[in-house]
Amino acid sequence: ARMSNRKEAVRVVVTGAAGQISYSLLPLIANGAMFGPDQDVILHLLEVEFVLPALQGVVMELEDGSYPLLKDIVATSDANVAFKDADFAILVGAFPRKDGMERADLLSKNAGIFKVQGQALDKVAKKSVKVLVVGNPANTNCLLAQHFAPSIPKENFTALTRLDHNRAKGQVAKKLGVSVRDVHNVIIWGNHSSTQYPDTTVGHVVVNGEKKSIRDAVNDNKYLEGDFISTVQKRGAAIIAARKFSSAMSAANAIVDHIRDWVLGTPEGEYVSMAVPSDGSYDIPEGVIYSYPVTCKNGKYTIVQGLTVSEFSRGKMVATYEELADEKKAALEQLQ
Ligand code: NAD
Ligand code: LMR
């Protein structure tokens, strides 16, 4: 009787499963950090064929992890096997930018990957599948996957800007000498790239029970409209320069935050940032995957409406939109 009370296992696809981010991510999914301590998971791991031997090593480690919630593992290089009946698809694998590669080369390599994966999602995944794209350029790759999966609701396609959101919280906390748990409602607008706009204008901190706007608490607008923004925008590059590899541990952590909040909900009054299909909110035209402040409830996200946008903010929100519109144009040209 006890067993029959268990919820049915969810099928979670992770692509690029033998890569760096996945090495930090898979244990977090298996140990319940993503879906909670009473939700069994079946991992569907997709890799390119020549990496399958290395993926077998990851599978052995997952087996050796003795995770009570990990019900089964599927490891494959066939997208139609990987996405079969998927409840969640976390698209991490992408073609990395190599020295001397032009942006157009990167877009064309990735356009191919996300076309194939979008088509597989369309064909074999559950229609309710929730998709999170992490592989760069994440927003535009997400748009491509969505484009090639017309039978899945558009709003089920999202891209990761939670890492940028968490970075922004971290910078504010550090500046004020408080815990990140005291920092609320920072916003990332736009693209997961150096044009993103990390915005603190509606955020607040709660210190010793007292609520204050981030603006008042920091009391240095020059910093908040200058170094703070560029530090968050360039954080990914700073980590690559320091580590020689792109962020992986923090990316995995942000992926867990994104999916967990989408599924299990955000705390009352708390905004998180998710890149989602633009719907005209804040005068950003439809047709791109744009990071907005959202709240989540009952497995759905809602874009926060009615926030005041200053002239300064408007300029930055439009600039990052324009980059996304350009990326979209270039990506669609690659597919002609
Ligand atoms: P990685 O190179 O260590 O791993 C990527 C893996 O993907 C490799 O094992 C590769 O074989 C695999 N792969 C490539 N093409 C594939 C395909 N068609 N199907 C299945 N697997 C495929 O890279 P990583 O450090 O894990 O990063 C992965 C991606 O995430 C990169 O594009 C990186 O730029 C991006 N990233 C995004 C964010 C974000 O916040 N959105 C943060 C960090 C990194
Ligand atoms: C990050 O934000 O850490 C990565 O997206 C950086 C990158 O270019 O891979």
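Ligands are counted one by one from 1 in listed order, and the atoms in each one are counted from 1 as well.
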Task: Modelled atom types, side-chain donor and acceptor of Arg215 and Thr201, under 3.5 Å - done: no
Open item on the list: Nearest non-hydrogen contact with atom 37 (C) of ligand 1 belongs to which option: Ile255, Leu55, Val134, Thr15?
Closed with: Val134
Task: Of the listed options Val58, Asn136, Leu160, closest to atom 35 (C) of ligand 1 (non-hydrogen atoms) - done: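 The residue whose heavy atom sits nearest atom 35 (C) of ligand 1 is Asn136.
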TODO: Assess Ser247 for proximity to ligand 1: is some non-hydrogen atom of it under 4.0 Å away?
DONE: yes
Open item on the list: Using a 4.0 Å heavy-atom cut-off, which part of Arg235 comes near ligand 2: side chain, backbone, both, or neither?
Closed with: neither
Task: Under-4.0 Å heavy-atom contact with ligand 2, by part of Arg167 that carries it - done: side chain
Open item on the list: Is the contact between Val51 and ligand 1 made by the side chain, the backbone, both, or neither, using heavy atoms and a 4.0 Å cut-off?
Closed with: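 It is the side chain that touches ligand 1; the backbone stays farther off.
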Open item on the list: Evaluate Arg314 against Asp283 for side-chain contact (heavy atoms from CB on, under 4.5 Å), listing each step before the verdict.
Closed with: CA-CA 10 Å; Arg314 170 63 53 199; Asp283 294 329; 4.0 Å; yes
At less than 4.0 angstrom from any non-hydrogen atom of [X], what atoms of ligand 1 do you find?
| X | answer |
| --- | --- |
| Ser246 | 25 (O) |
| Gln117 | 17 (C), 18 (N), 19 (N) |
| Leu163 | 40 (O), 42 (C) |

- [ ] Report the nearest protein non-hydrogen atom to atom 7 (C) of ligand 2: residue, atom name, distance rounded to 0.1 Å.
- [x]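 The answer is Asn136 ND2, 3.6 Å.
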Open item on the list: Under 4.0 Å from a heavy atom of Ser246: which atoms of ligand 2 are those, numbered in the order shown and with their elements?
Closed with: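 Counting from 1, the qualifying ligand atoms are 9 (O).
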- [ ] Taking only heavy atoms of Gly236 into account, list the atoms of ligand 2 that are under 4.0 Å away from them.
- [x]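 Matching atoms, with element in brackets: 1 (C), 2 (O), 3 (O).
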